[in-house]
Amino acid sequence: MIGRVAILAAVDDFLFRSKIRAVAKHVSADVTFVQTADEILAQAEAIKPALVIFDLNSQKLDAVQTIAALKQNGALGGVRAIAFASHVHVDLIAAARRAGADQVLARSQFAGNLADILASAR
């Protein structure tokens with residue numbers, strides 16, 4: 001049996017959380033939802049996830065700053081970070097790319113490709 005992959009998700013939106021949870025179940029991934037930068041970094045240190053998902057439109061987290069902190073951490077810099085945002089937030093998308101996000105998608109692209117994104121976390 002192939003082992004389960006660990007994924008962290010800093011996502012506030014309940015619709016996206018539900019969708020991520022459902023898709024993760026089908027691709028044998030364990031998703032842990034996190035809300036603060038400290039929680040993300042601590043969980044990432046503890047479980048060494050294959051992927052961290054960031055909702056750039058989060059009201060609870062400065063996702064761009066947290067992506068930068070993740071990528072600047074020597075032990076975690078190689079962890080893949082994918083972010084998504086409303087396509088109209090061009091400056092936020094650019095800031096996430098500058099912070100080191102491996103991939104930044106519009107919300108619709110993220111939702112449409114979620115199965116492939118989670119499956120490729122292996």
Side-chain angles (χ1 to χ4, degrees):
M1 182 175 143
I2 297 174
R4 295 179 69 84
V5 64
I7 297 171
L8 292 178
V11 178
D12 300 346
D13 184 291
F14 288 112
L15 179 64
F16 274 87
R17 286 173 75 119
S18 172
K19 185 172 178 88
I20 291 167
R21 198 176 279 117
V23 173
K25 182 178 179 180
H26 290 293
V27 299
S28 298
D30 290 322
V31 178
T32 301
F33 289 94
V34 288
Q35 294 184 0
T36 67
D38 289 341
E39 190 179 9
I40 291 165
L41 296 173
Q43 284 290 326
E45 288 272 356
I47 67 173
K48 304 293 190 258
L51 173 65
V52 182
I53 299 168
F54 290 92
D55 179 352
L56 296 176
N57 297 119
S58 173
Q59 298 299 308
K60 298 178 182 178
L61 172 74
D62 182 336
V64 171
Q65 190 173 33
T66 307
I67 291 167
L70 179 76
K71 291 301 189 170
Q72 291 169 4
N73 181 312
L76 301 174
V79 172
R80 194 164 150 232
I82 292 182
F84 65 91
S86 172
H87 72 282
V88 299
H89 293 126
V90 178
D91 291 342
L92 188 57
I93 290 168
R97 288 186 176 127
R98 284 192 305 272
D102 296 288
Q103 189 173 15
V104 184
L105 303 167
R107 290 173 75 84
S108 59
Q109 287 178 305
F110 176 78
N113 295 313
L114 185 56
D116 291 335
I117 290 167
L118 298 186
S120 71
R122 295 206 164 273

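For the numbers below, each heavy atom of this structure counts, side chains included, while hydrogens, waters and symmetry mates do not. What you are looking at is a predicted structure, and each value in this text was computed from that prediction instead of being measured.
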Contacts table for residues 82-100: side-chain donor-acceptor under 3.5 angstrom, sequence neighbours left out:
from, atom 1, to, atom 2, distance (Å)
His89, ND1, Asn57, ND2, 3.0
Arg97, NH2, Val104, O, 3.3

How close do [X] and [Y] get, heavy atom to heavy atom, and via which atoms?
{"X": "Ala115", "Y": "Val23", "result": "CA-CG1, 3.6 Å"}
{"X": "Val27", "Y": "Ala119", "result": "CG1-CB, 4.2 Å"}
{"X": "Ala50", "Y": "Ala121", "result": "CB-O, 2.9 Å"}

Subject >> Pairwise side-chain contact, Leu61 with Val34, heavy-atom cut-off 4.5 Å (strictly under) >> reply: no
**OP:** Compare all side-chain heavy atoms of Ile53 with those of Val31 and state whether any distance is below 4.5 angstrom.
**Re:** no
Validation: residues 35-42 side-chain donor-acceptor distances under 3.5 Å, sequence neighbours left out:
from, atom 1, to, atom 2, distance (Å)
Thr36, OG1, Glu39, N, 3.0
Glu39, OE1, Gln35, N, 3.0

Between [X] and [Y], is there shared hydrophobic-cluster membership here, with clusters defined by ILVMFWY side-chain heavy atoms closer than 4.5 Å?
{"X": "Phe110", "Y": "Leu51", "result": "yes"}
{"X": "Leu105", "Y": "Leu56", "result": "no"}
{"X": "Ile47", "Y": "Leu76", "result": "yes"}

Can I get a per-line list of side-chain donor-acceptor pairs under 3.5 Å for residues 5-19, giving both atom names and the distance, sequence neighbours left out?
from, atom 1, to, atom 2, distance (Å)
Asp12, OD1, Ser58, OG, 3.2
Asp12, OD2, Ser58, OG, 2.7
Asp12, OD2, Gln59, N, 2.8
Asp12, OD2, Lys60, N, 3.4
Asp13, OD1, Leu15, N, 2.9
Asp13, OD1, Phe16, N, 2.9
Asp13, OD2, Arg107, NH2, 3.3
Arg17, NH1, Val11, O, 3.1

Subject >> salt bridge (charged side-chain N to carboxylate O under 4.0 Å, His left out) contacts in which one or both residues fall within residues 79-90, not counting sequence neighbours >> reply: none
**OP:** Please list all pairs passing the salt bridge (charged side-chain N to carboxylate O under 4.0 Å, His left out) test where one or both residues lie in residues 41-52, with sequence neighbours left out.
**Re:** Glu45-Lys48
Subject >> Listed once per pair and sorted, the ring pair (Phe, Tyr, Trp, His ring centres under 6.0 Å) pairs that draw on residues 28-81, sequence neighbours left out >> reply: none
